[in-house]
There are 2 protein chains.
Amino acid sequence: MALKLRKNKSPLPPEPCALTDCMALISGAWAPNVIWCLRMEPRRFNELRVDIPPISAKVLSTRLTELKARGLINRNVLPTSPPSVEYELTAFGQELIPALDAIVQVGHKLKLKESE
Amino acid sequence: MALKLRKNKSPLPPEPCALTDCMALISGAWAPNVIWCLRMEPRRFNELRVDIPPISAKVLSTRLTELKARGLINRNVLPTSPPSVEYELTAFGQELIPALDAIVQVGHKLKLKESE
DNA sequence: CGGGATCCGGCAAGATACTG
DNA sequence: CAGTATCTTGCCGGATCCCG
């Protein structure tokens, strides 16, 4: 006997697209970490480099360029004697923080499971 | 004159690790979509294939195997005449739903921005 | 200090074909 | 229906060197 038929019309309207589209925003290795590091205050290139354990300068640079192109961060050049550059989240970038926060919560639970 | 010094000791203890660890859970293309499609009810292989636009059988199979290995989903073989297999979220897999939901929310806002 | 240019390697994803 | 096998491709990230 066949199993109870479930409607094949999936109960998922445009959500998968929204999911995919937003995942694309934070795609690329370290991108979520970069956003996370900027959540409290603007930070400079080498500060981010130190914050995010073993990220290479090239990848960090690439990621920052991408995130700027996606409208998630701003890049501000400060007119100081050793030239310095600050990166900060845009208003739209800020909107990702709750999502990343939810992800971090799961990460914490994962840690607890591992230590059992 | 030098810029106001910010403490270089980053204000981010182990959160980046939690972030990275949880991101690893949903790594792999389509993995978030698979979890999302399973959030309401168990679904079968070909149902997922239809739900998730252009995913190949190989990739879906690979992803399902990975997610099972990570403890996020269960695989149940049903003893029906055409053999059928159901996939469902585990309790731990359920914990990802709030995070994915937050991501979807951002995706919707992104849609609105685009249509402006 | 804050990057860009280049080369290179690996893995993941796509396409296609085959199976129990 | 529910996959597996194999091949191929493309992109992403790491390393290194160099620049204003």
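Below, chain A is the first sequence line, B the second, and so on; all start at residue 1.
Contacts of B/K109 classified as side-chain contact (heavy atoms from CB on, under 4.5 Å), with partners at least two apart in sequence or in another chain: A/E95. Judged as a side-chain contact (heavy atoms from CB on, under 4.5 Å), and not counting sequence neighbours, the contacts of A/K68 are A/I73, A/R75. Every residue was checked against the salt bridge (charged side-chain N to carboxylate O under 4.0 Å, His left out) condition with B/E88, not counting sequence neighbours, and none meets it. Judged as a side-chain contact (heavy atoms from CB on, under 4.5 Å), and not counting sequence neighbours, the contacts of A/S27 are A/R70.
Closest heavy-atom contact between A/C37 and A/R43: O-CD, 3.6 Å. For the pair A/H108 and B/A18, the tightest heavy-atom approach, listed with the atom from each and the gap, is CD2-CB, 3.7 Å. Scanning all heavy atoms of the two residues, the minimum distance from A/F45 to A/A57 falls at CZ-O, 3.8 Å. Residues B/R49 and B/L60 share a closest heavy-atom pair of N-CD2, 3.9 Å.
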Check nucleotides 2-6 of chain D against the protein and report each pair of N or O atoms closer than 3.5 Å, with its distance, or say if there are none.
{"unit_1": "D/dA2", "atom_1": "OP1", "unit_2": "B/R44", "atom_2": "NE", "d": "2.9"}
{"unit_1": "D/dA2", "atom_1": "OP1", "unit_2": "B/R44", "atom_2": "NH2", "d": "3.4"}
{"unit_1": "D/dA2", "atom_1": "OP1", "unit_2": "B/V85", "atom_2": "N", "d": "3.1"}
{"unit_1": "D/dA2", "atom_1": "OP2", "unit_2": "B/N46", "atom_2": "N", "d": "3.3"}
{"unit_1": "D/dG3", "atom_1": "OP1", "unit_2": "B/R75", "atom_2": "NE", "d": "3.3"}
{"unit_1": "D/dG3", "atom_1": "OP1", "unit_2": "B/R75", "atom_2": "NH2", "d": "2.5"}
{"unit_1": "D/dG3", "atom_1": "OP1", "unit_2": "B/Y87", "atom_2": "OH", "d": "3.4"}
{"unit_1": "D/dG3", "atom_1": "OP2", "unit_2": "B/Y87", "atom_2": "OH", "d": "2.4"}
{"unit_1": "D/dT4", "atom_1": "OP2", "unit_2": "B/S61", "atom_2": "OG", "d": "2.3"}

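The distance from atom CD1 of B/I55 to atom C1' of C/dG14 is 11 Å, rounded to the nearest whole Å. B/L60 has its CG atom 13 Å from the C1' atom of D/dC1, to the nearest Å. Atom-to-atom, CD1 of A/I52 to C1' of C/dG2 comes out at 15 Å; the value is rounded to the nearest Å.
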Base-pairing string, 5' to 3', of DNA chain C - Watson-Crick or wobble, under 3.5 Å, | interstrand: ||||||||||||||||||||
